[in-house]
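For reference, the structure is listed below as structure tokens.
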There are 2 protein chains.
Amino acid sequence: MDKDEKAKYESRAKVLKALAHPARLKLVDILSEHDEVCVCELTEAIGTDMSTVSRHLTQLKNAGIVESEKHGQMVFYRLRVKCLTSLFGCIESVVHGHLKNQLKVLS
Amino acid sequence: MDKDEKAKYESRAKVLKALAHPARLKLVDILSEHDEVCVCELTEAIGTDMSTVSRHLTQLKNAGIVESEKHGQMVFYRLRVKCLTSLFGCIESVVHGHLKNQLKVLS
DNA sequence: TGTATATTTGGCTAATCGTGCAAGTAAGCA
DNA sequence: TGCTTACTTGCACGATTAGCCAAATATACA
């Protein structure tokens, strides 16, 4: 793998890694349904410590998936990416194809 | 998060996690260009120990992304998923949008 | 000014991950 | 029956991750 190729796969992996966690997927889902949401609301939806949610959001931000803006003492997060719905469509097809296959194996 | 919702995000995360590694992304890329490829060839392309490549392939298989078949003493891997190209299109748009944004910040 | 609220960051621990080497399994060939 | 090749698995180790609590920061408000 030359340097360019390595960089290509590493940058892709960085984005996928940022998405690859149940809590962060839920954050993205919520954000896809609203224009912008504060950390406090997101924390309530996720149900873990606010510090944990804040770190998840930082990861999504570092990957370029969300952006944030401070209004008063609250910080609002917003999706930067529009194509995630089709991406999840693909992921779901993997999930269901695989489950179907596992059932086949079991039976 | 109720049980169904939890399961939904966990199954998505599992697939994304399986993809979220440079070596595994390259494996998927190679497999998307060929019908089926043996572990030995994939190992040469990746450039790490064959045992490591074998484990990466196992992860992709457990996630439902690839399948394998043994012919003689060789094991051939094949992509099970057709939609990955559009998925990576989305990922790339995140990467480039983000880089553009970082350059803006720097200047 | 002092106090309360929203968020991020530091520090810690337990769990998971990636890797190489060595050993095991399975198929082909002499 | 051995010997070789292709692959997987066990083991060990260093690196990364997710989580919580406590402390720091920043803003609003009395």
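Order of the sequence lines fixes the chain letters, A, B, ..., with proteins taken first and strands second; residue numbering starts at 1 for each chain. Predicted model only: the values in this text are computed from it and were never measured.
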Let me know the distance between [atom1] of [X] and [atom2] of [N], rounded to the nearest Å.
| X | N | atom1 | atom2 | answer |
| --- | --- | --- | --- | --- |
| A:Met50 | D:dG19 | CE | P | 16 Å |
| A:Leu42 | C:dT8 | CG | P | 10 Å |
| A:Glu69 | D:dA26 | CD | P | 18 Å |
| A:Phe76 | C:dT5 | CZ | C1' | 13 Å |
| B:Glu44 | D:dC7 | CD | C1' | 16 Å |
| B:His71 | D:dT5 | NE2 | C1' | 18 Å |
| A:Met74 | C:dT7 | CE | P | 6 Å |
| A:Leu19 | D:dA18 | CG | P | 12 Å |

Given the rule in the salt bridge (charged side-chain N to carboxylate O under 4.0 Å, His left out) test, do B:Arg78 and B:Glu69 qualify, once you have shown the distances and angles that lead to the verdict? CA-CA 8 Å; B:Arg78 185 188 310 120; B:Glu69 204 168 333; 3.1 Å; yes
Closest nucleotide among [options] to the [X] side chain:
| X | options | result |
| --- | --- | --- |
| A:Gln59 | D:dA18, D:dC20, D:dT8 | D:dA18 |
| A:Cys40 | C:dT7, D:dC7, D:dG10 | C:dT7 |
| A:His21 | D:dA18, C:dG18, C:dG20 | D:dA18 |

Distance test, side-chain N/O of [X] to OP1/OP2 of [N], below 4.0 Å:
| X | N | value |
| --- | --- | --- |
| B:Thr48 | C:dT19 | no |
| A:Ser54 | C:dT8 | yes |
| A:Tyr77 | C:dT8 | yes |
| A:Lys17 | C:dC17 | no |
| B:His56 | C:dT19 | yes |

Would you kindly check whether a donor in the side chain of B:Arg55 faces an acceptor in the base of C:dG20, or vice versa, at under 3.5 angstrom? yes
Has the side chain of B:Ser51 got a donor or acceptor that lies under 3.5 Å from a partner of the other kind on the base of D:dC7?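 Absent.
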Are any side-chain N or O atoms of A:Thr52 and backbone N or O atoms of A:Thr48, one a donor and one an acceptor, separated by less than 3.5 Å? no
Heavy-atom donor-acceptor pair, A:His21 side chain to A:Ala23 backbone, under 3.5 Å: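 Looks like yes, one N/O pair under 3.5 Å.
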Side chain to side chain contact (heavy atoms under 4.5 Å, CB included) partners of A:Cys40, counting only residues at least two apart: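 Partners of A:Cys40 under the side chain to side chain contact (heavy atoms under 4.5 Å, CB included) test: A:Cys38, A:Met50, A:Met74.
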Earlier contact from the 5' end, DNA chain D, for B:Val75 and A:Lys70: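 Looking at DNA chain D, the more 5' nearest nucleotide goes with B:Val75.
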Between A:Asp49 and A:Gln73, the residue closer to the 5' end of DNA chain C by nearest nucleotide is A:Gln73
Between A:Asp49 and A:Arg55, does any side-chain N to carboxylate O distance fall below 4.0 Å?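 No.
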